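Here is the structure we will look at, set down as structure tokens.
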2 protein chains.
Amino acid sequence: MMTERKLATLLRREGYKVTPQRRAILKIVTETHDHLTPAALYERVQKAQPHIGLVTIYRTIQILEQLGLICEMHAERTSRSYLLKRASEHHHHIVCSGCGTVTDVTHCELEKLQEQLAKETGFEIDGHILEFFGYCRQCQRLKAE
Amino acid sequence: MMTERKLATLLRREGYKVTPQRRAILKIVTETHDHLTPAALYERVQKAQPHIGLVTIYRTIQILEQLGLICEMHAERTSRSYLLKRASEHHHHIVCSGCGTVTDVTHCELEKLQEQLAKETGFEIDGHILEFFGYCRQCQRLKAE
DNA sequence: ATGATAATTGATAATAATTTTCATTTAACC
DNA sequence: GGTTAAATGAAAATTATTATCAATTATCAT
Ligand SMILES: [Mn+2]
Ligand SMILES: [Mn+2]
Ligand SMILES: [Zn+2]
Ligand SMILES: [Zn+2]
């Protein structure tokens, strides 16, 4: 379980200062299960830190992503969105096109395929993104009406 | 093999007019193997149609994507980029982080996984994106130096 | 071929997302 | 508590994308 506290410790360990603004961001990130756009994160963090700047959100997101603590989602077209990595290992997502709910796909069987492709194509493959789209149970019901 | 001519015919069949601007766009799209951002496409099309507007590029891209003739790539962070669909079936990409070269991955074994996930999660899954990143042969050599 | 018509175009503006700059503040360390 | 380098935020700059609307034009039916 990733807590605000743990994330703060990780940041400090990497030489980053732990400021009230960052703490507020970490809090929201650990509490929220949906993926958040920078703007949405900003909005929520403002409740705890009304004077925080949007730039700080962007900068903190960048750090968290570099440390592999959050992952970028590729579902939304106009802006990126981010999500706390709950499973620390490599994994993927199913995103609901209706409500935005995100479910982790913990087993990833793509390493074999990746190796095979590397052989076939000569590429040195060092990563991939995989995301599924669809409708969650709830949104399926809503659609049916 | 997708030619400018064929694409034009498809557009007409769908009720779209084939204008000189669109023809120029189709020409570049069929000739180019790399993925292109709207801005890059604009730049190239301008050589044939100097007075074309960037808006026309965006609008034409939208049509081509809706018809499934080009596919959106998710590799680049700041802007989308697009690529002519050479294989008409569902497929994926390996993108070189060095030079942008894109190789198609024609076999997609994710349908089974997708079904299994649908059962496990209750989601009605209707699609996925999968893209690999790495370095092509040439860029591996350059890196080594 | 010609003309009617609805689609397309592009100049422009509006909107939205992201990054840069820089003076001020502050967390971490001693 | 004082020092210092990192972090902050106001503001502007940059970039990507979409909307508006008057002028143009491809297509189709004469
Ligand atoms: Mn996840
Ligand atoms: Mn492809
Ligand atoms: Zn849903
Ligand atoms: Zn390359």
Side-chain angles (χ1 to χ4, degrees), chain A residues 4-5 7-29 35-67 70 72-82, chain B residues 4-5 7-29 35-67 70 72-82:
Chain A
E4 182 198 333
R5 242 187 129 70
L7 288 177
T9 306
L10 284 171
L11 279 190
R12 249 187 290 256
R13 183 175 302 163
E14 295 292 324
Y16 295 104
K17 292 181 180 177
V18 174
T19 64
Q21 290 91 333
R22 288 188 177 161
R23 240 194 290 268
I25 293 173
L26 299 181
K27 188 162 192 295
I28 298 299
V29 165
H35 49 165
L36 290 171
T37 59
L41 183 54
Y42 179 52
E43 220 178 277
R44 299 205 193 183
V45 171
Q46 272 189 320
K47 284 169 192 159
Q49 295 284 323
H51 290 301
I52 196 170
L54 179 54
V55 219
T56 300
I57 304 285
Y58 274 104
R59 286 191 280 233
T60 307
I61 283 176
Q62 187 172 258
I63 293 170
L64 293 176
E65 201 196 5
Q66 271 168 4
L67 298 183
I70 57 176
E72 193 177 320
M73 299 266 322
H74 300 256
E76 315 246 323
R77 290 181 57 98
T78 44
S79 107
R80 318 169 189 163
S81 56
Y82 300 85
Chain B
E4 183 198 332
R5 244 187 128 69
L7 288 177
T9 306
L10 284 172
L11 279 190
R12 249 187 289 256
R13 182 174 304 163
E14 295 292 324
Y16 294 104
K17 292 182 179 175
V18 174
T19 63
Q21 291 92 334
R22 288 189 177 160
R23 240 194 289 270
I25 293 173
L26 299 181
K27 187 163 194 292
I28 298 299
V29 164
H35 48 166
L36 291 170
T37 59
L41 183 54
Y42 179 50
E43 220 177 277
R44 299 204 193 182
V45 172
Q46 271 190 321
K47 285 169 193 159
Q49 295 283 323
H51 289 301
I52 196 172
L54 179 54
V55 218
T56 300
I57 303 285
Y58 273 105
R59 285 190 281 233
T60 308
I61 283 176
Q62 187 172 257
I63 292 170
L64 294 176
E65 202 196 3
Q66 270 169 5
L67 298 183
I70 57 175
E72 192 177 321
M73 299 266 322
H74 300 256
E76 317 246 324
R77 292 181 55 98
T78 44
S79 106
R80 316 169 188 162
S81 56
Y82 299 86

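Everything numeric here is computed off the predicted structure, so don't read it as measured data.
Look at A:Gln21 and you'll find a side-chain N or O under 4.0 angstrom from OP1 or OP2 of D:dG9. Taking side-chain N and O atoms only, A:Arg22 has a distance below 4.0 Å to OP1 or OP2 of D:dA7. In this model, the phosphate group of D:dT25 is not approached by any side-chain N or O of B:Thr19 to a distance below 4.0 Å at OP1 or OP2. A close approach under 4.0 Å does not occur between any side-chain nitrogen or oxygen of A:Thr37 and OP1 or OP2 of C:dA17.
C:dT8 atom C1' lies 16 Å from atom CG of B:Leu54, rounded to whole Å. Rounded to an integer number of Å, the gap from CD of A:Gln46 to P of D:dA10 is 10 Å. The distance between atom NE2 of B:His51 and atom P of C:dA11, rounded to the nearest whole Å, is 8 Å. To the nearest angstrom, C1' of D:dA16 lies 14 Å from CD1 of B:Ile57. When the C1' atom of D:dT17 is taken as reference, atom CD of B:Glu65 falls 14 Å away, rounded to whole Å. Between B:Gln62 atom CD and D:dT17 atom C1' the separation is 11 Å, expressed in whole Å. As rounded to whole Å, 12 Å separates atom C1' of C:dA28 from atom CZ of A:Arg23. Straight-line distance from the CD1 atom of B:Ile63 to the C1' atom of D:dT18: 15 Å, rounded to whole Å.
Residue-environment remark: CD (A:Gln46) exceeds the threshold of 12 foreign heavy atoms within 6.0 Å.
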### Query
Which is it for B:Tyr16 and B:Leu67 under the side-chain contact (heavy atoms from CB on, under 4.5 Å) test, yes or no, and what are the steps along the way?
CA-CA 11 Å; B:Tyr16 294 104; B:Leu67 298 183; 4.3 Å; yes
### Task
Check the pair B:Ile28, B:Leu36 against side-chain contact (heavy atoms from CB on, under 4.5 Å), reporting the backbone distance first and the verdict last.
CA-CA 10 Å; B:Ile28 298 299; B:Leu36 291 170; 4.0 Å; yes
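With DNA chain D read from its 5' end, the first of the two nearest nucleotides for A:Gly15 and B:Pro20 is the one closest to A:Gly15. Position along DNA chain D of the nearest nucleotide to B:Ala39 versus B:Val55 favours B:Ala39 as the more 5'-ward residue.
You'll find that the side chain of A:Val18 is closest to C:dA28, out of C:dT8, C:dA28, C:dA11. Closest to the side chain of B:Lys17, out of D:dT8, D:dT27, C:dT18, is D:dT27. You'll find that the side chain of A:Arg59 is closest to C:dT21, out of C:dG10, C:dT21, C:dT18.
Put simply, the residue from B:Leu26, B:Leu54, B:Ile52 that forms a side chain to side chain contact (heavy atoms under 4.5 Å, CB included) with B:Val45 is B:Ile52.
The closest donor-acceptor contact from the side chain of B:Arg22 to the backbone of B:Lys17 lies under 3.5 Å.
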